[in-house]
Every structure is written in structure tokens, then in C-alpha cells.
Amino acid sequence: MPSGGDPDLRVATASAAEPDTQGTRGDGALAVDRLLPWFAEHGRDLPWRDPDAGPWAVLVSEIMLQQTPVVRVLPVYRAWLQRWPRPADLAADAPGDAIRAWDRLGYPRRALRLHACATAITVDHGGVVPDDVPTLLTLPGIGEYTARAVAAFAFRQRVPVVDTNVRRVLTRAVRGRDEPREPATTRDRAELETLLPPDPEQSARYSAALMELGALICTARSPDCDRCPVQDRCVWHRGGRVAGVARRAVQTWHGTDRQIRGRMMAVLRAAEHPVATTDLLAVADDTDQARRCLDGLLADGLATAAAPDPATGAETMTLPR
DNA sequence: AACGCGTGGAT
DNA sequence: TATCCAAGCGT
């Protein structure tokens with residue numbers, strides 16, 4: 001269960017002392033007394049939701065979950081915290097170790113930023129994960145979403161946490177629309193703010209419940225409205241689930257720089273010793289593209305020039321030290 | 001404010 | 001097979 005124990009719903013229904021001026025807490029589409037019981041029953045038992053998971057564990061999970069599905073994060077997350085249980089443990093190792101442990105979660109720059117984040121926490125914050133949104137926002141790899149996720153889920157604060165799931169649920173259930181995937185905005189956070197229950201602990205659970213609803217039921221491609229706890233109040237469902245406009249076409253994958261960079265990183269991760277630069281360049285047919293991609297990796301700090309091979313004198317590369 | 005940035009499973 | 005999509009961030 002998400003956080004153990006029965007959710008305290010006493011403040012879920014608007015009281016005389018706390019008038020429900022928005023009309024959304026008690027009887028709105030996303031009423032607290034609908035979401036929290038559903039979450040308690042159906043929420044996944046994920047390790048970063050365990051009460052024993054500290055702020056560092058929550059932070060690590062949030063960075064890993066940026067654009068990467070839960071099932072792929074789980075094993076890497078466990079190994080990561082086993083190896084680096086505190087920020088200072090990670091900071092003490094080379095960034096290349098973080099990139100290698102990151103394995104194939106994708107966007108390896110996140111591993112680099114998480115390492116930089118651990119270093120900043122160690123050097124600038126005494127090894128303690130900051131507990132306020134403004135300070136969290138100063139850390140590498142932590143943006144508007146992740147800062148609030150850490151504040152809410154690790155420190156149980158009453159802050160609006162809006163990710164792509166929450167945004168989709170809000171857009172559908174409250175505004176009755178179905179928009180293509182778009183980044184969360186200040187407006188989305190303001191809207192969620194009006195829905196959050198007054199109690200901080202409960203509001204943290206509420207945000208987690210909204211995210212879970214978007215992840216399990218109110219999904220982008222095929223929402224399972226028949227199992228939705230707020231189906232009868234969802235404006236989008238009541239309006240006939242009108243499909244939104246198609247979103248801008250995404251970049252085709254085959255032959256992109258991203259694909260080539262990915263191949264080069266796979267070679268670097270797998271290598272026990274420095275890799276000949278020519279071996280990296282060989283992953284692409286187009287030599288101009290290969291050079292451009294390798295230069296990009298060097299500029300990003302994901303690859304580092306190493307000493308020439310003693311036997312051949314060939315130029316070599318490694319993960320950053 | 002668009003764009004670039006990995007990876008792999010589902011449809 | 002091609003496309004979509006998964007707890008965004010930094011520039």
C-alpha cells in the first residue's frame with residue numbers, strides 16, 4: 001500500500017471552518033474522498049513510496065523516472081541505492097561510474113546530473129537533501145516537477161506536483177478536454193493548488209494518487225474509464241471523450257544523432273578499458289555524423305579523452321573520471 | 001519557446 | 001514496420 005494505514009479522510013469533505021469555495025474538494029471531479037480510497041486500494045507498492053525511503057531515495061527515483069517507465073527503473077534504482085546509500089557515497093565515485101550504473105535507462109546526461117546533484121548536496125548542503133522547493137531548484141537535474149515531487153513525497157509538504165500524468169488527468173476530468181502531451185505550466189500548478197486538501201500529509205498522498213490515476217487508469221492512449229473512481233464526475237467522460245488534436249510529429253528515430261550517441265555510449269559503458277576513438281566513430285556510416293556525435297558527447301561530459309593506447313598510439317576515449 | 005536528448009515495450 | 005509513449009530538464 002502507498003503509505004500504510006487507513007487514509008484519514010476527516011478533512012476530505014469541506015467543513016464549515018474550511019469552506020470549499022472552489023467546489024472541487026468535496027464534490028468536484030477529483031474529490032479527495034474519491035482519490036485517496038482508490039489509491040489506498042489500487043496504488044502500487046513501489047519502493048520509493050515505502051516510509052523507509054528517505055529523501056535521497058526519493059530524489060534518485062524521481063530523476064530516474066524522468067521519461068523512463070517504472071518497470072525499467074526498479075532494478076537500477078535498487079542497485080543504485082545499495083551502492084550509494086547517501087549523496088556523499090555517490091559524490092565520492094567518478095561520474096563515469098554513475099553513467100555505467102545507469103545502464104540503459106536512457107538520457108545518460110541524467111546520470112551525470114544526478115552525480116553533480118550528489119556533489120552539490122555534499123559540498124553545499126552538508127550531505128543533506130534540501131527540503132524546500134527554491135533550494136531544490138538550484139540543484140542539477142532538478143526542475144519544476146522534480147523539486148516539488150521531492151518536497152511532497154520525501155518531506156510531505158503541501159505543494160502542487162504536476163507531471164504529465166497529473167496534467168492529463170486535470171485536463172480531462174476538470175476541463176473536459178484531451179490535449180496532446182504538453183509540459184506542465186504555472187497555470188496547471190495553480191489549478192492543482194486549489195484542489196489540494198489543507199492537510200500536508202494528505203495533500204502529498206493526493207498528488208501521488210493523481211499521478212497514479214494517470215499512470216494506471218487515465219492513460220494517454222487507452223484510458224480505462226470503467227475502472228476509474230471518478231468516472232461519473234469526469235467532464236471529459238461525460239462529454240463523450242472527444243479526442244484531442246493530433247500532436248506535432250516527432251523526429252524519426254532511424255539515423256538520428258540520438259541513435260548514434262546511444263550506440264557510442266553503449267560501447268563506452270561496456271568497455272573495461274579505454275576505447276579507440278576509431279571504434280567509436282565506427283558505429284555510424286556517416287563519418288561527419290559520427291564526428292559530430294562524438295564531439296557532442298565530449299562537450300556534454302559524457303565521454304572523455306584518455307591516454308593514447310601504449311601499443312598502437314591510437315587516440316582513446318572513456319567515460320568521465 | 002521550441003528543440004535535443006536514449007531506450008525499449010506496446011499497439 | 002512505424003508510431004507512440006514513459007514521474008522532464010536545460011538551453
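Chain naming here is simple, since letters A, B, ... match the order of the sequence lines and numbering starts at 1 in each. Values in this document were obtained by computation on a predicted structure and should not be read as measured data. Just so it is clear, the values below take in all heavy atoms, side chains as well, and ignore hydrogens, waters and symmetry mates.
Atom CG of A:D232 has more than 12 neighbouring heavy atoms from other residues, nucleotides or ligands inside a 6.0 Å radius.
Using a 4.0 Å heavy-atom criterion, one finds that A:Q259 contacts no nucleic acid atom at all. Counting non-hydrogen atoms under 4.0 angstrom, A:I63 reaches nothing in the nucleic acid. Among the heavy atoms of the strands, none lies under 4.0 Å from A:T219. Using a 4.0 Å heavy-atom distance criterion, A:L46 is classed as a base contact. Here A:R269 lies in heavy-atom contact (under 4.0 Å) with sugar-phosphate atoms only. Within 4.0 Å (heavy atoms only), A:R168 reaches sugar-phosphate atoms of the nucleic acid but no base atom. Within the nucleic acid shown, A:A220 comes within 4.0 Å of sugar-phosphate atoms alone, with no base atom in reach, counting heavy atoms only. Across all strands shown, A:P183 has no heavy atoms under 4.0 Å from either base or sugar-phosphate atoms. Residue-level contact check: A:W48 touches the bases, meaning some heavy atom is under 4.0 Å from a base atom.
The side chain of A:N165 lies closest to C:dA7 when the candidates are B:dC5, C:dA7, B:dT7. Residue A:W253 places its side chain closer to B:dT7 than to any other of C:dA6, B:dT7, C:dA7. Side-chain proximity of A:P108 to B:dT7, C:dA7, B:dG6: nearest is B:dG6. For A:R72, whose side chain is taken as the heavy atoms from C-beta onward, the closest listed nucleotide among C:dA6, B:dC5, C:dA7 is C:dA6.
The base of C:dC5 lies outside donor-acceptor range of the side chain of A:R221, with no N or O pair under 3.5 Å. On a pure distance criterion of 3.5 Å, a polar donor-acceptor pair joins the side chain of A:R258 and the base of B:dG6. Looking at A:T68, its side chain comes within 3.5 Å of the base of B:dG6 through a donor and an acceptor atom.
Place A:A215 and A:R113 on DNA chain C by their nearest nucleotides, and A:A215 ends up nearer the 5' end. Nearer to the 5' terminus of DNA chain C, by closest-nucleotide assignment, is the contact made by A:D163 (compared with the other of A:L137 and A:D163). Toward the 5' end of DNA chain B, the nearer of the two residues A:S222 and A:Q67, judged by each one's closest nucleotide, is A:Q67.
Following rounding to the nearest Å, A:L65 (CG) and C:dA7 (C1') show an atom-to-atom distance of 5 Å. Residue A:L302 contributes atom CG, which lies 10 Å from atom C1' of B:dC5 at whole-angstrom precision. For the pair A:D300 CG and B:dG6 C1', the interatomic distance rounds to 13 Å; values are reported in whole Å. A straight line from CD of A:Q289 to P of B:dC5 spans 10 Å, rounded to a whole angstrom. Atom pair A:Y77:OH and C:dA7:P shows a separation of 18 Å (rounding to whole Å applied). The distance between atom CZ of A:R104 and atom C1' of B:dG9, rounded to the nearest whole Å, is 13 Å. Regarding A:Y107, its OH atom lies at a distance of 10 Å from the C1' atom of C:dA6, rounded to whole Å. Atom CG of A:L136 is separated from atom C1' of C:dG10 by 17 Å (rounded to the nearest Å).
Comparing the P positions of B:dC3 and C:dC4 gives a spacing of 16 Å, expressed to the nearest Å. Using P as the reference atom, B:dT11 and C:dA7 are 15 Å apart when rounded to the nearest Å.
The phosphate of C:dC9 (OP1 or OP2) has no side-chain N or O of A:R109 nearer than 4.0 angstrom. Not one side-chain nitrogen or oxygen of A:R181 sits closer than 4.0 Å to the OP1 or OP2 atom of C:dC4. A:R44 has no side-chain polar atom (N or O) that falls below the 4.0 Å cut-off from OP1 or OP2 of C:dA7.
For A:Y77 and A:W48, the distance between ring centers is under 6.0 angstrom. For A:W84 and A:W56, the distance between ring centers is not under 6.0 angstrom.
The pair A:R241-A:D178 fails the salt-bridge criterion, with no side-chain N (NZ, NE, NH1 or NH2) lying under 4.0 Å from an Asp/Glu carboxylate O. Using a cutoff of 4.0 Å between basic side-chain nitrogens and carboxylate oxygens, A:R227 and A:D224 are scored as salt-bridged.
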Exercise for review: Output, in order, the C-alpha distance, side-chain angles, deciding distance and verdict of side chain to side chain donor-acceptor pair (under 3.5 Å) for A:Y107 and A:R258.
Suggested key: CA-CA 9 Å; A:Y107 295 141; A:R258 286 160 78 176; 3.0 Å; yes

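A:R44 and A:A215 get closest at one heavy-atom pair: NH2-CB, 3.7 Å.
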